Peer 1: 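Provided herewith is a single structure, encoded as structure tokens, for subsequent inquiry.
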Amino acid sequence: MLDVPTLRERFTTHYGAEPKLIVRAPGRVNLLGEHTDYNDGFVFPAAIDRATYVAAGNRDDAQIVVYSGQFKVTDSFGLAAIERSAAHPWSNYVRGVVRGLLARGDTLKGANLLIESDVPLGSGLSSSAALEVATGYAFQLLNDIEIMGEELALLAQAAENTFVGVQCGIMDQFISALGREGHALMIDCRDLSYEAVPLPAAARIVICNSGVHHSLGDSGYNQRRAECNEAVRILREFKPTVKALRDVTLADLQAHGAALPPLILARARHVVSENQRVLDGLTALRSGDLQAFGALMTASHISQRDDYAVSVPEIDLLVDIALAQPGCYGSRLTGGGFGGSTVSMVATEYVEAFTAALAREYQARGEHEATILVCRAIEGVKRAGLS
Ligand code: GLA
């Protein structure tokens with residue numbers, strides 16, 4: 001975690017005045033339920049102890065000035081007309097959220113922002129959602145606006161959908177806004193109801209960044225969404241009550257799958273089976289059955305790899321190495337895919353040996369270096385200091 005006095009000092013050095021507040025929004029790891037959120041399905045993420053921080057102060061004019069500590073560059077824009085920035089793509093997350101607040105009718109003052117983050121970019125751990133949620137929360141506090149966690153998540157998602165152009169679902173923004181310490185949230189992405197489930201004390205969540213940069217902007221993410229919509233369109237001919245793949249069962253796919261092109265059928269099979277795995281995973285965790293939960297994680301990986309085609313060889317290698325280690329209950333690609341990170345559930349007493357072996361073997365068998373994070377689940381967006 002980054003340290004508040006340092007952020008405060010950096011802001012003061014940069015802007016010549018103390019920040020009014022500092023907020024932090026966490027990145028996330030998803031334990032089960034991948035590519036189900038935009039199909040009205042179930043997900044099971046946790047907010048992790050890696051976060052994006054926004055230090056902020058008001059200005060007297062109608063300008064927003066943003067300094068990115070990661071890129072060491074400043075961007076600024078006026079509140080009157082907010083356009084997409086080609087020069088500073090990172091700033092579009094900020095611009096999109098500010099524009100979303102203005103579109104709600106909120107009156108905003110100008111602001112100085114300093115952004116720092118220890119969520120590694122392109123690692124599949126939702127650095128974008130963390131930035132959106134932290135920005136939204138900072139503006140909310142700076143301008144005395146009341147926004148509930150769910151609303152903040154929806155606003156952040158809308159910024160990414162309409163301004164950045166990635167048709168992401170609600171999972172990342174939701175967990176970054178509403179995460180709970182020591183828990184994962186089982187979220188029903190149709191009605192946004194959720195349940196906080198305590199994480200088992202006997203195991204740790206181990207994230208391993210493959211070093212293969214993931215970017216949803218230029219990946220097949222939007223294409224996968226379109227393929228799911230195509231599956232729904234065809235299946236509705238047989239079952240008119242189907243609004244999303246959430247409403248389709250494996251029995252439906254058995255009965256009508258022949259009507260779908262094979263690739264579309266495979267995509268649908270992943271989503272339908274993945275929704276069931278989240279429900280089964282919840283039952284397994286409630287009864288303390290880590291073996292069963294881990295097996296579902298691994299089945300999820302195979303489904304993502306073979307049916308949804310969002311894995312890459314380096315991620316498959318990490319999963320294979322993980323599963324061969326003692327104490328590993330299960331391992332899978334986490335997040336949007338096309339690179340990024342794996343998540344493994346590992347018995348606590350084996351974690352040290354597990355991380356050492358994973359790093360060593362991955363380097364020995366491939367070209368990339370792994371970055372490993374044994375993470376804790378923390379609470380969602382909040383003030384980090386100067387309250
Ligand atoms: C990205 C998106 C999420 C979700 C995952 C895949 O992280 O932002 O909405 O679709 O991919 O589960």
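Every value quoted in this text rests on a predicted model; they were computed, and no experiment measured them. Sequential numbering from 1 along the given sequence is applied to the chain's residues. We count ligands from 1, going down the list as the structure has it; atoms in each ligand are counted the same way.
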Peer 1: With sequence neighbours left out, write down each residue that passes side chain to side chain donor-acceptor pair (under 3.5 Å) with Thr355, or none if nothing qualifies.
Peer 2: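 Not a single residue meets the side chain to side chain donor-acceptor pair (under 3.5 Å) criterion with Thr355.
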
Peer 1: I want to know if ligand 1 touches Asp37 in the polar sense, i.e. an N/O pair below 3.5 angstrom.
Peer 2: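 Right, the criterion is met.
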
Peer 1: Can you sort out the partners of Asp61 under salt bridge (Lys or Arg N to Asp or Glu O under 4.0 Å), two or more places apart, ordered by chain and number?
Peer 2: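 Counting only residues at least two positions away or on another chain, Asp61 forms a salt bridge (Lys or Arg N to Asp or Glu O under 4.0 Å) with Arg59.
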
Peer 1: Nearest non-hydrogen contact with atom 8 (O) of ligand 1 belongs to which option: Thr36, Ile170, Leu125, Asp172?
Peer 2: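 Closest candidate by heavy-atom distance is Asp172.
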
Peer 1: Under the criterion salt bridge (charged side-chain N to carboxylate O under 4.0 Å, His left out), which of Arg236, Arg246, Lys239 is the partner of Asp252?
Peer 2: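 Looking at Arg236, Arg246, Lys239, the match for Asp252 under the salt bridge (charged side-chain N to carboxylate O under 4.0 Å, His left out) is Lys239.
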
Peer 1: Is the ring centre of Tyr38 less than 6.0 Å from the ring centre of Tyr221?
Peer 2: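 So the answer is yes for these two rings.
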
Peer 1: Under 3.5 Å between some N or O of ligand 1 and some N or O of Gly169?
Peer 2: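 Min N/O separation from ligand 1 is below 3.5 Å for Gly169.
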
Peer 1: Considering distance alone, does some N or O of Tyr38 sit under 3.5 Å from an N or O of ligand 1?
Peer 2: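 It does not: no N or O of Tyr38 is found under 3.5 Å from an N or O of ligand 1.
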
Peer 1: Run the numbers for me: atoms of ligand 1, each under 4.0 Å from some heavy atom of Cys168, listed by number.
Peer 2: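 Heavy-atom distances to Cys168 below 4.0 Å select 2 (C), 8 (O), 9 (O).
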
Peer 1: Kindly assign one of parallel, tilted or perpendicular to the pair Tyr308 and His270, based on the angle between their ring planes and the thresholds 30° and 60°.
Peer 2: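 Taking His270 first and then Tyr308, their aromatic rings sit tilted (interplane angle of 30° to 60°).
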
Peer 1: So that I can tick it off, tell me whether Glu274 and Arg332 are bridged by a salt bridge, with the cut-off set at under 4.0 angstrom between side-chain N and carboxylate O.
Peer 2: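 The answer is yes: the pair qualifies as a salt bridge.
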
Peer 1: Considering the heavy atoms of Met171, write down every atom of ligand 1 situated less than 4.0 Å from one of them.
Peer 2: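 So the atoms of ligand 1 that pass are 4 (C), 5 (C), 12 (O).
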
Peer 1: Hey, is ligand 1 close enough to Tyr221 that some N/O pair sits below 3.5 Å?
Peer 2: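 Yes, there is a polar N/O contact under 3.5 Å.
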
Peer 1: Using heavy atoms and a 4.0 Å limit, tell me yes or no: is Arg28 in contact with ligand 1?
Peer 2: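 Flag set, Arg28 near ligand 1.
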
